[in-house]
Amino acid sequence: KPTNTEMVSKILAHCNERKLAVVPQGGNTGLVGGSIPLFDEVIVSTSAMNNIISLDEVSGSLVCESGCILETLNNYVGDRGF
């Protein structure tokens, strides 16, 4: 599992060179089912990239990595009054 964007880029470059289809997965809660492979795609899970980077408490804008789970984000902002 990649832990940073450089690793994701290398995986995607490898797949692109070999014309391999990719299905990205984030926190993989299955809420919307958008990350389910249909055939023989390469799954790129970003679940190890799950850090909350910042929360602007004036605008309510949150920046996080792609592997964050929505429940974790909801709890984080809820603890801060949002």
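Numbers here simply count residues along the sequence, with the first being 1. Side chains are part of it too, since the values below use all heavy atoms of this structure and drop only hydrogens, waters and symmetry mates.
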Distance (rounded to the nearest 0.5 Å) between [X] [atom1] and [Y] [atom2]:
X: Cys64; Y: Leu73; atom1: SG; atom2: CG; result: 4.5 Å
X: Asn74; Y: Ile69; atom1: CG; atom2: CD1; result: 11.5 Å
X: Leu12; Y: Thr5; atom1: CG; atom2: OG1; result: 11.0 Å
X: Asn16; Y: Ile11; atom1: CG; atom2: CD1; result: 13.5 Å
X: Tyr76; Y: Leu62; atom1: OH; atom2: CG; result: 7.0 Å
X: Met7; Y: Thr46; atom1: CE; atom2: OG1; result: 12.0 Å

Go through the steps for Val42 and Val23 under the test side chain to side chain contact (heavy atoms under 4.5 Å, CB included), then give the verdict. CA-CA 6 Å; Val42 173; Val23 173; over 6 Å; no
Just wondering, do Glu41 and Leu20 contact through their side chains at under 4.5 Å, heavy atoms? no
I want to check something: taking the side chain as every heavy atom from C-beta on, are Lys1 and Ser47 in contact at a cut-off of under 4.5 Å? yes
With distance as the sole criterion, is a donor-acceptor pair present between the side chains of Ser61 and Ser59 under 3.5 Å? no
Hey, are Asn50 and Glu65 close enough side-chain-wise for a donor-acceptor pair under 3.5 Å? no
Would Ile43 and Val8 show up in the same hydrophobic cluster when neighbours are defined by side-chain heavy atoms closer than 4.5 Å? no
Would you say Ile52 and Met49 are hydrophobically clustered, going by side-chain heavy atoms of ILVMFWY under 4.5 Å? no
Would you say Asp56's side chain and Val58's backbone share a donor-acceptor pair under 3.5 angstrom? yes
Can you tell me if Asp79 has over 12 outside heavy atoms packed within less than 6.0 Å of its CG? yes
So, for Pro2 and Ser45, which heavy atoms are closest and what is the spacing to 0.1 Å? CD-O, 3.1 Å
